[in-house]
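Numbers restart at 1 for each chain; the letters A, B, ... are given by sequence-line order, proteins then strands. Just so it is clear, the values below take in all heavy atoms, side chains as well, and ignore hydrogens, waters and symmetry mates. On a predicted model such as this, the values are computed, not experimentally measured, just so you know.
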Protein chains: 2
Amino acid sequence: MDQPNISKKAQNSRARIVEAAYQLFLRQGYHRTSMRQISAEAGLTVGAIYNHFVNKEAIWEAVFMAKHPYREIMPLLKSVDSPTIAGFVRQSASHLVTELSRRSDLLNLMFIELVEFGGKHIPVLFQAIFPEAVQLGETLARKAGNLRPIPNLVLLRSFMGLFFSYYITEIMLPEEIRRQMGSEALDTFIDIYLYGVLDEPMRERND
Amino acid sequence: MDQPNISKKAQNSRARIVEAAYQLFLRQGYHRTSMRQISAEAGLTVGAIYNHFVNKEAIWEAVFMAKHPYREIMPLLKSVDSPTIAGFVRQSASHLVTELSRRSDLLNLMFIELVEFGGKHIPVLFQAIFPEAVQLGETLARKAGNLRPIPNLVLLRSFMGLFFSYYITEIMLPEEIRRQMGSEALDTFIDIYLYGVLDEPMRERND
DNA sequence: CCTACCGATCGGTAGG
DNA sequence: CCTACCGATCGGTAGG
C-alpha cells in the first residue's frame, strides 16, 4: 500500500479532471471556466493537467465524449419494454422528460459544443452512437402499431426531434406561460406525434 | 457640414457597434470576441464603446434584441397567405427552412444566450414578441381544416417546435447521413405534424 | 471619442 | 529512463 499502482493513479487523476471540468463547463460555460478552476476542483496543479491533456480543448473533447446526453438517454430508452409503438413513445417521453427536467443541464453540453466549437466534434460522437441509434429505430419500427410509410431513419430522427421540440420551446418560455399551459403540454405533444406517425387506432393512452 | 448632428453620429456609432458585435459573436461566440475586435470592426476605439454601452454584456443585450430569429421569422410567417392550415404549415415550413439553411447562424444567437447567460434575457425578448405570437396562433387556428382539440398556445408551441426539431436534428447529423435521408425528411416531418394536429382530411399536399 | 493605462487573470510551459 | 507533479512564471489579453 506504500507503492500504489502508478497507472491507476494516472487514470484516477484523469477521471477527476474530466469530472471537475464537466461540472464547471455546465455551470459556467467553456470560456468562463479557467484551467485554474479545473485543477483546483480536481485536486491537482495546473501543470499537472498537461500531463493528461495537451490543452484545454482536449479536456472538452474528453468531457463531451464521456458525458454527452446519449450516455444517459440510450440506457433509459432500452429499459422501456412496451410492446406497442404508442406505449413505447409514451413511456419513453415520460422517462426522458423527467430526466431532462431533473437535469436541465443535459443538453447544455450540446449547446456549448455548437456555440464554442461550431459542432466540429459532433461527427466523432455520431459515429460512436450511430449503430445503437439504428438498432433503436429498428426496434421501434418492429413494435405493434400501424406506422404510416416513414423511412426508419426519419422515424428515429422525428422521435428524437419530439424531445428537442418540447425541451427547446420549454426553455424559451418564461415560467409564467409554462404554468398557463400546464403539464398537459407534454401529453399533447406526444399525442400530436402519435397521431402523426401512426396510421389508425392504437393511439389510445393504454401504457 | 462642419458641424454634423451629434445625436445622429452617436446613433450611427451605436449601430455600427451592434452590427460589428453581431457578426463577431456569431462567428466566434461571445467570450472569444474581444472588445478590441468589436471596436476595430466598428471603426472606433475600445474606450469609445463605453460611451454607448456600460459593458460587454450590454452590447450582447442590444445584439440579442435587435437580431434574434423572430425578427426574421415573424414577417416571413405573416407573408404566408394560404387559407388552409395544411397549406399554411407547408408554406411556412418551406420558407422557414429555406431561410434557416441560407442563414444557418440564425439560431446560434439563441444558443449563445442559453450557454453564456443561462437564458436570462429570454423573458424580456418573450414579452416583446408574445402579442405577435398569440395573434399568429389565433390566425392559424381560424384557418380551414379540422383541428383536433388542442389549446391555442400548445398548438403554437408545437408549430414552433416542428422547426426546432427539424433544425436541431439536422445540425446534429453529419453531412453523410443527411444526404442519405434526402430532402424528403422535411416533407415527412411536415406530414407527421399535419397528421398529428388535423382531424381528418385536408392533409393532402395541395398548397 | 482618444491615449494610456490599471488590477487580474488567461492558457500554457519553464526547470527540477 | 519513466510517471506524476511542484512552485513559479512566461507572453498576451480580459474588462474597465
(message) In the structure I gave you, are the side-chain heavy atoms of B:Arg27 and B:Arg32 within less than 4.5 Å of one another anywhere?
(response)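 No, their side chains stay 4.5 Å or more apart.
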Just the rounded figure in Å: distance from [atom2] of [N] to [atom1] of [X].
X: A:Asn12; N: D:dT3; atom1: CG; atom2: C1'; value: 15 Å
X: B:Phe53; N: D:dG15; atom1: CZ; atom2: P; value: 15 Å
X: A:Asn51; N: D:dC2; atom1: CG; atom2: P; value: 13 Å
X: A:Ile38; N: C:dC10; atom1: CD1; atom2: P; value: 11 Å
X: B:Gln37; N: D:dG12; atom1: CD; atom2: P; value: 17 Å
X: B:Met35; N: C:dC10; atom1: CE; atom2: P; value: 19 Å
X: B:Ile59; N: D:dG15; atom1: CD1; atom2: C1'; value: 11 Å

(message) Applying a 4.0 Å non-hydrogen cut-off, can you work out what B:Asn55 is touching in the nucleic acid: base, sugar-phosphate, or nothing?
(response) sugar-phosphate
(request) Pick base, sugar-phosphate or nothing for A:Thr33, based on heavy-atom distances below 4.0 Å to the nucleic acid. (result)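 If one applies the 4.0 Å heavy-atom cut-off, A:Thr33 turns out to touch the sugar-phosphate alone, with no base involved.
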(message) Tell me whether the side-chain N or O atoms of B:Arg36 pair up with the base of D:dG12 as donor and acceptor below 3.5 Å, since no angle test is needed here.
(response) no
(request) Determine the sole option in A:Asp187, A:Asp191, A:Thr84 for which the side chain to side chain donor-acceptor pair (under 3.5 Å) test with A:Arg90 is passed. (result)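 The residue from A:Asp187, A:Asp191, A:Thr84 that satisfies side chain to side chain donor-acceptor pair (under 3.5 Å) with A:Arg90 turns out to be A:Asp191.
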Side-chain N or O of [X] versus OP1/OP2 of [N]: is the shortest distance under 4.0 Å?
X: B:Tyr50; N: D:dG16; value: yes
X: A:Ser13; N: D:dC5; value: yes
X: A:His52; N: D:dC5; value: yes

(message) So that I know where these two stand, are A:Phe111 and B:Phe111 an aromatic pair - ring centroids less than 6.0 Å apart?
(response)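 When the ring centroids of A:Phe111 and B:Phe111 are compared, they turn out to be within the sub-6.0 Å range.
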